[in-house]
Amino acid sequence: MRLSQLFGKTQREIPADADTISHQLMLRAGMIRQLTAGVYSYLPIALRSMRKIENIIRDEMNKAGGQEICMPVLQPIELWEKSGRGASFGKNLFRLFDRKERELALGPTHEEVVTDLVGRSVQSYRDLPLLLYQIQTKFRDEPRPRGGLVRVREFVMKDLYSFDTDAEGLDISYRKMVNAYKNIFSRCGLPVIMIEADSGAIGGKDSNEFMAISEMGEDEIIYCESCGKAANAEKARSIKAKADNSEPRPMEEVSTPGCKTIDEVCHYLKLDPVNTIKAVFYMADDEFIFVCIRGDIDVNEVKLKNSLHCSDLRLATEEEVAAAGITAGFASPIGLKNIKTVVDESIASGTNFVAGGNKYDTHIKNVNFPRDFKADIIADIALAAAGDGCIHCGAKLLATRGVEVGHVFKLGTFLSEKMGAYYIDANGDSKPIVMGCYGIGIGRLMAAAVEINHDDKGIIWPKNIAPYQIYLCPLFLENPLVTEKAESLYRELQEMEMEVLYDDRNESTGIKFNDADLLGIPLRITVSPRSLEKGCIEVKWRSEKQSELVALDKAIEKIKDMITGK
RNA sequence: CGGGGUGUGGCGCAGUUGGUAGCGCGCAGCGUUUGGGACGCUGAGGUCGGAGGUUCGAGCCCUCUCACCCCGACCA
């Protein structure tokens with residue numbers, strides 16, 4: 001490709017509304033253009049990289065036994081009503097009406113369609129297992145798109161669905177996918193870690209995310225350096241500091257004037273937060289929920305939501321708290337009536353806590369569970385934090401951030417039962433197909449790769465997903481020798497099917513080198529009068545500082561070796 | 001949905017007490033240049049996000065509205 005003809009100019013200025021590195025670099029490199037919030041056009045450079053990624057994914061999916069299909073983006077709303085997930089997707093589902101006023105959705109994912117499809121065609125256990133995938137555009141009306149391609153409303157995703165006769169079969173499919181995913185990310189030059197993840201309200205047992213470690217990532221990862229276990233903070237469990245565990249003593253009211261927060265109470269009574277009970281109030285599908293957790297621990301709302309089996313969870317407003325008859329700042333679980341109470345396990349494992357007195361300026365000492373108050377639900381709803389103990393090996397946990405580039409789920413039979421996807425087993429019995437689903441966001445993967453592989457000059461593409469392999473950069477084009485040599489190199493490299501971006505623009509050296517660095521093509525070849533005088537050209541890896549002189553007659557061979565060998 | 005911010009040429013920005021819309025980059029032409037975003041001259045390009053209002057006069061003041069960005073909420 002001749003750079004003079006490439007659609008998508010580089011630009012020097014950083015666009016004002018991009019503040020993640022990958023977004024800035026992709027805009028400056030002329031790769032993407034935003035149309036509206038969370039919706040982008042992909043220009044040739046970006047598309048080439050995405051096609052590379054897609055083809056790596058295709059290759060690994062096919063190797064794992066996947067068959068590629070293509071399913072509709074436009075989906076009848078009935079399908080979503082049938083699965084019951086229209087409600088749980090809620091406003092994230094793009095909805096529209098056709099001319100007959102029939103309601104449709106733009107697919108945010110394809111479990112419904114694929115389950116319907118497979119349910120209609122699979123009849124026997126002999127038809128299973130089955131691995132079907134597609135690389136298709138998804139639509140999700142995200143409340144807040146952000147970070148360039150990191151979170152968007154229209155995006156291309158590879159989604160594979162596995163169909164097995166039983167849980168053992170699902171385990172095998174799942175392992176195949178995990179293995180394929182590891183290969184994919186490794187081939188894309190993107191270091192990822194696989195972590196335990198929450199499967200959401202609908203998922204089955206197991207779920208893992210593949211995270212690219214990056215400060216701009218949206219997810220917090222809690223991990224253990226000593227045993228290597230890692231989990232999304234939404235899911236992570238940890239060993240918390242020990243609370244008092246002495247013999248329960250009788251309750252005792254104490255005056256705590258103006259002490260509304262745990263910090264104030266602890267300071268006033270000279271206590272450690274570990275020995276206090278914190279009350280937090282939520283609305284779960286419009287039901288008021290009283291949550292008790294130790295003063296030193298934060299509530300993990302995902303865990304709480306899972307333990308309540310609700311679809312909507314949010315903090316209660318001050319008005320709602322007051323309406324429930326609770327004295328804010330001095331709330332007490334003792335003597336609660338007709339309010340659903342969730343107690344964190346941390347409360348059950350300690351004694352003699354300080355809790356609110358349910359009247360102003362009063363707390364109660366020596367509160368013990370379940371002696372003094374009851375719980376409707378006792379569960380682990382604690383947010384794991386850096387510094388906690390690892391539940392596997394006891395070492396101190398660490399925290400970092402990551403971009404979720406892949407997610408695998410064991411769905412089980414929930415959807416197949418809802419959608420009527422059954423098969424006949426060897427005994428002639430009808431059984432629901434056991435499902436799994438496995439996704440990779442293409443654009444997000446590319447953004448993560450840029451985020452992780454760059455320097456202050458620009459992108460440094462991993463070789464396998466680079467839009468081009470070679471940046472052919474002649475200097476002083478008015479010199480006929482330079483032009484002649486560059487043109488012949490371009491021709492020869494193309495004949496060898498090398499991917500060459502040829503900077504045939506009559507620009508100054510600075511512009512050309514800076515664009516080469518910005519675009520981040522792995523190998524730069526410089527043709528200039530200075531090196532031609534020595535009978536040489538220069539080659540330089542984007543990832544390295546030093547260039548190397550290569551004799552003209554050895555050039556093609558050397559370039560070929562560099563591209564294929566390294 | 002809550003909080004914060006920004007809308008002026010393709011990009012980045014300035015625009016004073018209300019008085020003929022400017023700068024840098026980029027773009028087009030000509031010339032000089034060229035080993036890390038060169039220089040001179042000439043030129044094109046703007047319903048100042050939109051609507052309403054105040055005023056002799058609004059980019060600037062008032063009201064409403066829309067869009068985009070960031071934090072949070074949300075998020076298979």
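The sequence lines fix the lettering, A, B, ..., with proteins before strands; numbering per chain opens at 1.
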Opposite nucleotide pairing with B:G36, Watson-Crick or G-U, both atom distances under 3.5 Å
none

What nucleic acid atoms does A:Ser531 come within less than 4.0 Å of, heavy atoms only: base, sugar-phosphate, or nothing?
base

Side chain of A:Thr36 - closest among B:G12, B:C68, B:G36:
B:C68

Using whole Å, what does the distance between atom C1' of nucleotide B:C74 and atom CD of A:Glu218 come to?
11 Å

Sugar-phosphate, base or nothing in reach of A:Ile14, heavy atoms under 4.0 Å
sugar-phosphate

Is any side-chain nitrogen or oxygen of A:Lys540 closer than 4.0 Å to OP1 or OP2 of B:G36?
no

Would you say a side-chain N or O of A:Arg146 is under 4.0 Å from OP1 or OP2 of B:C70?
no

Within the 4.0 Å heavy-atom criterion, would you say A:Gly147 contacts the bases, only the backbone, or no part of the nucleic acid?
sugar-phosphate

Check the distance between B:G26's C1' and A:Lys9's NZ and give it to me in whole angstrom.
8 Å

When you measure from the side-chain N and O atoms of A:Ser508 to the phosphate of B:A38, is any distance below 4.0 Å, counting only OP1 and OP2?
yes

Assigned partner base of B:C64, Watson-Crick or wobble definition, under 3.5 Å:
B:G50

Select base, sugar-phosphate, or nothing to describe what A:Arg28 touches, counting heavy atoms under 4.0 Å on all strands.
base

Applying a 3.5 Å limit to both distances, which nucleotide forms a Watson-Crick or G-U wobble pair with B:G72?
B:C1

Provide the distance between the two C1' atoms, one in B:G12 and one in B:C69, to the nearest whole Å.
16 Å

What's the spacing between A:Lys303 NZ and A:Asp198 CG if we round to 0.5 Å?
10.0 Å

Between C1' on B:A73 and CD on A:Glu220, what's the gap in Å once rounded to a whole number?
17 Å

In whole angstrom, what separates A:Phe155's CZ from B:C75's C1'?
10 Å

Within this structure, what is the CG-to-C1' distance between A:Leu518 and B:C11, rounded to whole angstrom?
14 Å

C1' gap between B:C56 and B:G45, integer Å:
32 Å

Assign A:Asp19 to base, sugar-phosphate, or nothing according to its heavy-atom contacts below 4.0 angstrom with the strands shown.
sugar-phosphate

Taking CD from A:Glu507 and P from B:C39, how many angstroms apart are they, rounded to a whole number?
13 Å

Name the nucleic acid region contacted by A:Pro143, choosing base, sugar-phosphate or nothing; use a 4.0 angstrom heavy-atom cut-off, strictly under.
base

Remember a base hit wins even if backbone is also touched, and classify A:Pro529 as base, sugar-phosphate or nothing at under 4.0 Å, heavy atoms.
nothing

Residue among A:Val403, A:Val192, A:Thr400 satisfying side chain to side chain contact (heavy atoms under 4.5 Å, CB included) with A:Ile213:
A:Thr400

Over all strands shown, is A:Lys512 touching base, sugar-phosphate only, or nothing at heavy-atom distances under 4.0 angstrom?
nothing

Nearest whole Å is fine: how far is B:C75 C1' from A:Glu234 CD?
9 Å

Students often get this wrong, so: under 4.0 angstrom with heavy atoms, is A:Leu93 touching a base, only sugar-phosphate, or nothing?
nothing

Minimal heavy-atom distance between A:Met61 and A:Tyr181, with the atoms involved, is CE-CE1, 3.8 Å

Across every strand shown, the nucleotide meeting Watson-Crick or G-U wobble geometry with B:A58 (both distances under 3.5 Å) is none

Under a 4.0 Å N-O cut-off, is there an ion pair linking A:Glu218 with A:Arg146?
yes

Could you tell me how far B:C75 sits from B:A58 if I compare only their C1' atoms? Round to whole Å.
44 Å

Among the nucleotides B:C27, B:G36, B:C68, whichever has the atom closest to the side chain of A:Ala37 is B:C68

Whole-Å distance, A:Met216 CE to B:C71 P, equals 11 Å

Quick one, A:Gln134 with A:His110, criterion side chain to side chain donor-acceptor pair (under 3.5 Å). Give me CA distance, side-chain angles, the key distance, then yes/no.
CA-CA 9 Å; A:Gln134 63 173 353; A:His110 283 74; 3.2 Å; yes

Given B:G36, B:G12, B:C75, identify the nucleotide with an atom nearest to the side chain of A:Phe513.
B:G36

Give me the ring orientation class for A:His407 and A:Phe409: parallel if the planes are under 30° apart, tilted from 30 to 60°, perpendicular past 60°.
parallel

Complement of B:A21, any strand, by Watson-Crick or G-U distances under 3.5 angstrom:
none

Assuming nearest nucleotide by heavy-atom distance, tell me which of A:Tyr161 and A:Pro145 is located more 5' along RNA chain B.
A:Pro145

Both A:Gln11 and A:Arg524 contact RNA chain B. Which one's nearest nucleotide lies toward the 5' end?
A:Gln11

Rounded to whole angstrom, note down the P distance from B:G49 over to B:G59.
10 Å

Tell me whether the rings of A:Trp80 and A:Phe89 are parallel (<30°), tilted (30 to 60°) or perpendicular (>60°).
perpendicular

Could you tell me whether the phosphate oxygens of B:C11, OP1 or OP2, come under 4.0 Å of any side-chain nitrogen or oxygen in A:Arg12?
no

Do A:Arg151 and B:C75 share a donor-acceptor pair, side chain to base, under 3.5 Å?
yes

Report the base-pairing partner of B:C27 (Watson-Crick or G-U wobble, both distances below 3.5 angstrom), or none.
B:G43

Contact class for A:Glu301 (heavy atom, under 4.0 Å): base, sugar-phosphate, or nothing?
sugar-phosphate

Under the side chain to side chain donor-acceptor pair (under 3.5 Å) rule, what do A:Ser162 and A:Tyr438 come out as? Steps first, then yes or no, please.
CA-CA 8 Å; A:Ser162 68; A:Tyr438 315 84; 2.8 Å; yes

When you compare B:C39 with B:C25, how far apart are their C1' atoms, in angstrom units rounded to a whole number?
15 Å

